[in-house]
Amino acid sequence: MSILDSLPDEPEEDPTPESQTPVNQWLDKQEQLTRPPLKVGAPLRLVETAFLASTASLIWFINYYFPLGPLLRIFFPVPIALVYLRWGKRAAWMATVTSGLLLAVLMGPIRSLLFIMPYGFMGVLLGACWNRRVPWIVSITLGTLLGTLGFFFRLWLLSVLSSEDLWIYLITQVSEFVEWLFLKLGLLAIPNVFLIQVGAIALIALNNFIYLFVVHVAAWLLLDRLGNSISRPPQWVQVLMDYEG
């Protein structure tokens, strides 16, 4: 028999938690406490932002190549506004930029700019107003101003690309139509060009006001069912729609 065989066997360490010393247990607890928790909301925010941004781009893309009248146009700013309601201002701006980049790849930078101004910015604006429960008259008025600016931005951009003043061309066509209307009515008055321009701006603003009102009604009916309600409409709208919320 060798000397090594005669030595007693050393006890093996028990890997169970009961074999840990109080110091090791205390260190494990401290490590668990200091370990940063897993943020589940971050991936969900990223996925929803990308999905809603692509939805806004897809609505614009389909409406451009397969126009369905004013149906799809109502929902241009709604996905980005929904991003604001669910995840805040930063996510809404990320969705706007993502939509612009996606449309720039699919349709070119010009059509991408025509979406961002005004509909991308309008989505952020409406999301901010709805998140703060601003009255409808305020959010519709702000959206009308932005939509009117967006119309003139589009007119300016297309004028630059076509090397023609499309506003003068538009006013000329309207003046000729008004003169023809006066002639048919037997009126000898000559329409004032300045008054025609003021009337054209007023009609553009009125068109945007009606558009924003319809967008509010559609978002009110849709987002309530998605669990992201917006500010309450006036009482006469609720009575008119016979809505129980």
Side-chain angles (χ1 to χ4, degrees), residues 56 59-78 81 103 107-123 125-126 129 135-221 233-242:
I59 293 173
W60 174 266
F61 182 84
I62 294 176
N63 186 79
Y64 187 85
Y65 289 106
F66 308 98
L68 301 176
L71 179 62
L72 290 180
R73 186 170 176 261
I74 296 173
F75 298 98
F76 283 168
V78 173
L103 288 174
M107 306 174 68
I110 302 302
R111 297 186 180 94
S112 174
L113 287 175
L114 295 180
F115 170 78
I116 293 178
M117 181 64 184
Y119 299 110
F121 294 151
M122 189 179 294
L125 174 65
L126 293 180
C129 292
W136 275 29
I137 186 62
V138 177
S139 56
I140 290 177
T141 303
L142 294 176
T144 299
L145 294 176
L146 181 59
T148 305
L149 290 177
F151 175 84
F152 285 105
F153 172 80
R154 174 179 301 185
L155 201 65
W156 169 79
L157 183 61
L158 296 178
S159 298
V160 171
L161 295 176
S162 62
S163 301
E164 294 182 2
D165 194 342
L166 296 181
W167 175 252
I168 298 297
Y169 175 78
L170 178 63
I171 295 300
T172 301
Q173 297 298 319
V174 174
S175 300
E176 292 179 357
F177 172 76
V178 173
E179 289 179 359
W180 173 83
L181 184 62
F182 279 16
L183 183 61
K184 291 297 181 180
L185 295 176
L187 300 176
L188 300 178
I190 299 177
N192 192 331
V193 178
F194 175 75
L195 294 179
I196 291 177
Q197 291 181 347
V198 173
I201 296 174
L203 287 176
I204 293 170
L206 179 61
N207 178 62
N208 281 280
F209 188 88
I210 297 174
Y211 170 73
L212 263 298
F213 176 77
V214 177
V215 169
H216 275 67
V217 173
W220 169 49
L221 297 175
Q235 185 64 32
W236 66 270
V237 177
Q238 300 187 38
V239 173
L240 183 65
M241 301 296 296
D242 192 17

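Note: hydrogens, waters and symmetry copies are ignored here, and every other heavy atom, side chains too, is used.
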* Step by step, work out the side chain to side chain contact (heavy atoms under 4.5 Å, CB included) result for L157 and M117. => CA-CA 11 Å; L157 183 61; M117 181 64 184; over 6 Å; no
* If the plane angle is over 60° it's perpendicular, under 30° parallel, otherwise tilted; pick one for W60 and Y119. =>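 Rings of W60 and Y119: tilted, as their planes differ by 30° to 60°.
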* To do: Tell me whether the centres of the aromatic rings in F209 and F213 are closer together than 6.0 Å.
  =>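 Centroid separation for F209 and F213: 6.0 Å or greater.
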Decide if atom [atom1] of [X] counts as having more than 12 heavy atoms of other residues, nucleotides or ligands within a radius under 6.0 Å.
{"X": "Y64", "atom1": "OH", "result": "no"}
{"X": "F182", "atom1": "CZ", "result": "yes"}
{"X": "Y65", "atom1": "OH", "result": "yes"}
{"X": "Y169", "atom1": "OH", "result": "no"}

Any chance you could measure [X], atom [atom1], to [Y], atom [atom2], to the nearest 0.5 Å?
{"X": "T141", "Y": "W136", "atom1": "OG1", "atom2": "CH2", "result": "13.0 Å"}
{"X": "I140", "Y": "N208", "atom1": "CD1", "atom2": "CG", "result": "12.0 Å"}
{"X": "W167", "Y": "F151", "atom1": "CH2", "atom2": "CZ", "result": "6.5 Å"}
{"X": "L126", "Y": "F121", "atom1": "CG", "atom2": "CZ", "result": "13.5 Å"}

* Do V160 and W156 come within less than 4.5 Å of each other through their side chains, counting heavy atoms only? ->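 Answer yes - side chains close enough.
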* Asked: How about F152 and I201: do any of their side-chain heavy atoms sit closer than 4.5 Å?
  ->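 Yes, at least one pair of side-chain atoms sits under 4.5 Å.
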* Asked: Has the side chain of Y211 got a donor or acceptor atom that lies under 3.5 Å from a matching backbone atom of R73?
  ->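 Such a contact is found between Y211 side chain and R73 backbone.
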* Heavy-atom donor-acceptor pair, S159 side chain to L166 backbone, under 3.5 Å ->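 Checked: pair present.
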* **Derivation of the side chain to side chain contact (heavy atoms under 4.5 Å, CB included) call for L72 and F66** => CA-CA 10 Å; L72 290 180; F66 308 98; over 6 Å; no
